[in-house]
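To start, the structure under review is shown below, and the notes come after it.
Ligands are counted one by one from 1 in listed order, and the atoms in each one are counted from 1 as well. Worth saying up front: this structure is predicted, and the values here are computed from it rather than measured. If you read the sequence from its start, that first residue is 1, and numbering goes on from there.
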Amino acid sequence: MTHFTNKPKDSEISLTACHDCDLLFPMPHLQKGEKALCPRCGALVLERKSCSLDYPLALALTSLVLFIIANVNTLMKMNVGGRSESETIISGVNELYAQGYWEIAALVFIVSILAPLLKILCVFYVLMPLKFNIRLRYAKQAFRFYEILHPWAMTEVYMLGILVAIVKLADLATINTGIALYAFAALIPFMAATDSTLDDHEIWERLEPSD
Ligand SMILES: [Zn+2]
């Protein structure tokens with residue numbers, strides 16, 4: 001909750017606008033787990049996560065391991081008329097490109113491989129040094145890039161595409177799912193958990209002072 005009763009020192013306050021009613025009010029420095037509500041409409045303006053940097057880092061590390069497993073192993077094995085074919089995530093992209101759908105191939109590559117990988121790497125680049133109170137060069141740009149990447153890392157949409165393909169192909173071919181499919185499915189909640197435990201307000205606060 002807000003602490004408007006104890007007047008904070010000038011150095012600890014900054015003016016913040018309520019997203020709902022546009023009221024401009026002084027935001028006191030919040031401790032971990034505290035929330036600031038708008039004094040006029042009661043909307044939640046800021047919430048400090050109670051987790052430390054260790055949570056998003058541990059979740060990002062798990063995501064990276066799952067990402068590697070998902071990309072180096074077989075997604076599914078298809079058997080059509082005695083002909084067996086193993087598909088990986090990147091072989092699907094290559095197949096689309098070979099068939100002339102280069103725009104779709106590029107989109108699939110970006111949303112299922114490039115954006116998730118860059119997001120995970122950005123978390124490491126920004127958070128790992130911050131944990132030891134070190135701010136790397138371009139850390140702010142990396143964190144801004146992480147926020148821009150957010151709508152592009154659509155692993156859940158790609159997963160839905162795979163499931164639709166499996167259901168549609170089930171009558172035409174024998175399909176055996178591979179370990180990459182399970183790793184990719186597990187990657188979705190781990191990436192979402194990384195995002196939700198990451199306190200972007202705290203990270204910006206830690207990145208700003210040395211400017
Ligand atoms: Zn308000």
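For the Zn ion (ligand 1), the set of protein N/O/S atoms nearer than 2.8 Å consists of C18 SG, C21 SG, C38 SG, C41 SG, ordered by chain and number.
A side-chain hydrogen bond (donor to acceptor under 3.5 Å, both in side chains) check over residues 161-189, counting only residues at least two apart or in different chains, returns the pairs T177-Y182. Screening residues 120-134 for salt bridge (Lys or Arg N to Asp or Glu O under 4.0 Å), with sequence neighbours left out, gives D54-K131.
Ring orientation note: the planes of F143 and Y146 are close to parallel, at an angle under 30° on the 30°/60° scale.
Within a 6.0 Å radius of CZ in F124, more than 12 heavy atoms belonging to other residues, nucleotides or ligands are found. The number of heavy atoms from other shown groups lying within 6.0 Å of NE2 (H150) does not exceed 12.
When hydrophobic side chains of Ile, Leu, Val, Met, Phe, Trp and Tyr are connected at separations under 4.5 Å, I69 ends up clustered with V65, I179.
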